[in-house]
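The structure under discussion appears below in the form of structure tokens.
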Amino acid sequence: MKGISVSFEAANIQSAARNGNTRSAVFDPHLLIIGLWVFAGYYLGCKIGFALTFQPHPISVLWPPNSVLVAALLLTPPRSWWVVLLAALPAHLAAQLQSHVPPLMIFCWFVSNSCEALIGAGLMRYLVGGPIRFVTLRNVGLFCLCVVFIAPFLSSFLDAALVVWNHWGEDTYWELIRLRLFSNALAALIIVPLVVTWATTGIQPLRTARLSRYLEACALFVGLLLVSYAVLYKFGSGADSALLFLPLPFLLWAAVRFGSLGASTAVSIVSFLAIWSAAHGHGPFSGGPAEQDALSIQIFLIVLAIPLLFLATVIEERVTGATELGESESRFRNVADAAPILIWMAGVDKLCTFFNKPWLEFTGRSIEHELGNGWAEGVHPDDLQKCLEVYTEAFDARQPFVMQYRLRRNDGEYRWISDQGVARHDAQGGFAGYIGSCVDVTELMKKEEALHEFEQRVVLAAEAAHLGVWEMDPATKELWMSDSARTLFQFDSETPLDHAAFQDRVRPEDRALRDSAVKHALETRSGYEIEYRVLLPDGTQRWIGARARCVAGDNRKGARLIGVSIDITPRKLAEAEALRHRDELSHLSRVALMGEMSASIAHELNQPLAGIASNAGAGQRFIDRGNVDLQEIRELLADIGADARRASDVVRGIRGMIKKEQMGRQRINLNDIVTNVVHILSSDALLHWCELKTSLDTNLPMVEADPIQIQQVLINLVVNAFEAMPETPVSTREVEINTQQNADGAVRVSVRDYGVGISPETRSRLFEQFFTTKAEGLGMGLAIARSIVEAHAGTIDAENAEDGGARFHFTLPISTAA
Amino acid sequence: MIPPNSLVFVIDDDVSVRKGLSRLLRSAGYKSEIFNSAADFLARSPHPGPCCVIVDVRMPGLNGIDVQEALIQRRREEQLIFITGHGNIPMCARVMKAGAVDFLPKPFRNAELLQCIGRALMRSADQRSCAVEKGKARELLDLLTPREFEVMQLVTTGLLNKQIAGELGTKEKTVKVHRGRLMQKLRVRSVAELVHLTQKASIAPFAGHRTKV
């Protein structure tokens, strides 16, 4: 009975906690343990019950087994109850069979016992929910009601009926009920608290208790035993019944000092002694008829136990509450002191009652200085007024507040603090004051200020550079534009923008380019740099240069396109102007070249003219002589015609060179250009006493170029070659023009002379504008040649050739058009 | 008046000029040969008759001036007329100093060219006849013995027989005999004719000892 061990219950609880609702109860080894304990407990209980029976009645004063069953049911989760009942049955059978009771009776008693236990435990479970503890008044009250009174009451009817039906014993129905009721109620009152408190508390307190507590417990129980023994055993039935109250102080002592545990244990001891003494004819409860004795003991013990239980519970509640409060206080303090922020608390009178350790460390003052309104001494004088105003206003309105002020740190520096305070309430909901926390935001504020400044600067810079910044969400087609962007595109500052509104401004011819650039950027998560034209609402057209980048999205937004647009119209105009100038310069250079070649042009024209003059003269003479051969005249005239055409070809060639309009680029074969140039320059070659040779690659691929311009370049190079050889002996005055295809596929034309070559100083300056080594040169020829070649995506260069002289060459890329 | 057996050579690299000149010459009644390079002309054997060469100064390969030099080197007597599409004064001066007949820039006036050709051919003819006469004179002079040659040389200086004898260190009589014989061989009847003959033969005047008279 008392020996129902703790560990059985502990194991039970552990397994209940561990199992929760997920594991099947069938194969749990803990259930086996539970079953074993129940069996043992029940069996022992039966034995003890038999020992405490007043013969000849079949009813014990105190019948433990039912209470053991109830306790077991209270301590196990409902789904394991079948195990408990199943384990109790063999114990019941084993115990009762020894006492020569008919088997049917035995079984009926088991049924009624089980009913009582189930009713009691079921009611408790239902009303209390959760695990049963004897720590709240409500629990204890319900326990007394359900387990001590209702369950035994109800099952007594059943029990009595079964006994009568079995014709066991001699008592009447009502007597049986009465006897049963008291016996079971008393057992419930004594046994169940004992078992449950020991089970739930365990032997942990025994291990961890201080020595003084041990001694106290020992003194208590020794005293209790002695007194109880004396009162309940030693003294006879004639003793003064007032002596029965002697154990009371010890019982109270047990309840107050040791709570439910102590109370239930003490009560059990007293009960046991009283009943056992009476059963063996000792003590104040013996001597009368058995029923009467039993009843008086029962009443005595019940009356004793119930209040004691309640007292013990109240004491428990208070202690738990007190320790919990104390624990909660110290927990709060730990948290407050460990937090990285400054915490303060104020009472209902606005005076501060608490500052945590970090606050005190921050200000470097002691808590006495800070309490009340002492903390205000650390606030910066400029901020104090506002700080107090905000505080009092919020306080009176019981509203939360946030404010920033400067607080003096322990090193004297004033740091910016962000102070947040909220009202707090006590357990009943009444206003209890304020609690707040402060954070040093100086760095944050500095950063914010720096960020703000930086932002200002960026905006200023963007404005100054007339950069329009924009951002587009490709999913929603929404467009955000900065103010300068809006100005740039002539949107007003209010209308929300989307892609379509913007696209409207772009010129139709450029829309495709822009769209494909945007699409490409989004697909490849890269960016683009494009130029396009916009037509603004006021009718002007502007060139816009836009650079954009695709920014990967974060959780909230998808990928976006951000970019910068700038008005590049001035640049574009300047570029166009520069191009025009270049073309003009190129033209002028051509004209000048023709001027330089005037001698050879004259020579070239004089040949056919001489032919014409001779032929014409001859014709006249033939006619004067009367010696007219018509065939001869015909041939003569044909030759004149041919010569005239030849002369006009020369003129046309010159006109082609000096006219201003471009011919435009065409697919040409550079060999044809070379041949043309050789023809044009044949006279010039003679004038310089030079010989012009060519070596042409017959499989030269075509290039895309302006023939007049390339001709200009080649003429320039060849004339330079002629003019480089005044010192060279006439027999070696050769200029060789060579065409070939490069290794990298470009077409290369080179002009090689046998002149003085290129000196190192001039090498680097050859293609500079206005650089010349000639006495009366302008110095633009090679510069223009380079600009022409480079405009065709080619290269031009020069080096000294082997065997003396220089070689100038230029390359042009092959035409890729079909 | 065209000298007989005249030939006009034309050297020009330009086809229009060649054709035109060839017709012009034909129309003026000249016989001509046309070459398009100087090398071809020089490879041709010299023409045995009065001739002139119309040559373009500026030609690829051998130009007109090269032709002139080549002819001078070979001691040929062809008369050169230079024509050019583009000329300058130094070039003109050079070729004239080297003995060209004329220097005509293109396009030239036909009349001018034909006049030049006429002049050139006359010169050529004269030259040729001079050369012939020189040859004859030299043949005659070759008939003289050395002594007679010496006497002849002194006679052309206008010395009296007595002086000649004194010069040579012989008797006057001997001188008279030599004189008669050489006059006979040379078929001249007077000192003047003798001098004329030596001039034709291009004998340098005697510049030996001169006795003061």
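Proteins get letters first, then strands, A, B, ... in listed order; numbering begins at 1 in each.
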Q. Distance from B:I65 atom CD1 to A:W689 atom CH2, nearest 0.5 Å?
A. 4.5 Å
Q: Might you point out which heavy atoms bring B:K106 and A:A610 nearest each other, and give the distance in Å?
A: CD-CB, 3.9 Å
Q. Given a strict heavy-atom distance threshold of 4.5 Å, which part of A:E604 is in contact with chain B: side chain, backbone, both, or neither?
A. neither
**Q.** Selection from A:L692, A:L609, A:L636 maximising heavy-atom pairs under 4.5 Å formed with chain B
**A.** A:L636
Q: Inspect the surroundings of CZ in B:R76 and state if more than 12 heavy atoms from other residues, nucleotides or ligands are less than 6.0 Å away.
A: yes
(Q) Minimum heavy-atom separation for A:R621 and B:A111, please, with both atom names. (A) NH2-CA, 4.4 Å
Q. Given side chains that start at C-beta, do those of B:D14 and A:R646 come closer than 4.5 Å, heavy atoms only?
A. yes
Q: To the nearest 0.5 angstrom, please state how far the CG atom of A:N606 sits from the CZ atom of B:F108.
A: 10.5 Å
Q. How about B:N110 and A:Q620: do any of their side-chain heavy atoms sit closer than 4.5 Å?
A. no
Q: Show your reasoning for whether salt bridge (Lys or Arg N to Asp or Glu O under 4.0 Å) applies to B:R18 and A:D639.
A: CA-CA 11 Å; B:R18 284 199 303 272; A:D639 282 345; over 6 Å; no
Q) Looking at B:R26 and A:D629, does any basic side-chain N land under 4.0 Å from a carboxylate oxygen? A) no
Q: Give a yes or no on this: more than 12 heavy atoms of other residues, nucleotides or ligands lie within 6.0 Å of atom CZ of B:R138.
A: yes
Q) Counting heavy-atom pairs under 4.5 Å to chain B, which of A:G617, A:S731, A:A602 comes out on top? A) A:G617
Q) Is the closest side-chain donor-acceptor distance between B:R23 and A:S614 under 3.5 Å? A) no
(Q) What's the separation between atom OG in B:S16 and atom CD1 in A:I640, rounded to the nearest 0.5 Å? (A) 11.0 Å
Q) Contact part of B:L114 toward chain A, heavy-atom cut-off under 4.5 Å: side chain, backbone, both or neither? A) side chain
Q) Of all of A:C690, A:P608, A:A613, which one pairs up most often with chain B through heavy atoms under 4.5 Å apart? A) A:A613
Q) Between A:L686 and B:V57, is any pair of side-chain heavy atoms under 4.5 Å apart? A) no
Q) Does B:M122 CE have over 12 foreign heavy atoms under 6.0 Å away? A) no
Q: Look at the side chain of B:R58 and the backbone N and O of A:L687, then say whether any donor-acceptor pair between them is shorter than 3.5 Å.
A: yes
Q.
Can you confirm whether more than 12 heavy atoms, excluding those of B:R44, are under 6.0 Å from its CZ atom?
A. yes
Q) So do B:D56 and A:Q607 actually touch side chain to side chain, heavy atoms under 4.5 Å? A) yes
**Q.** Atom CD of A:Q631: over 12 foreign heavy atoms under 6.0 Å
**A.** yes
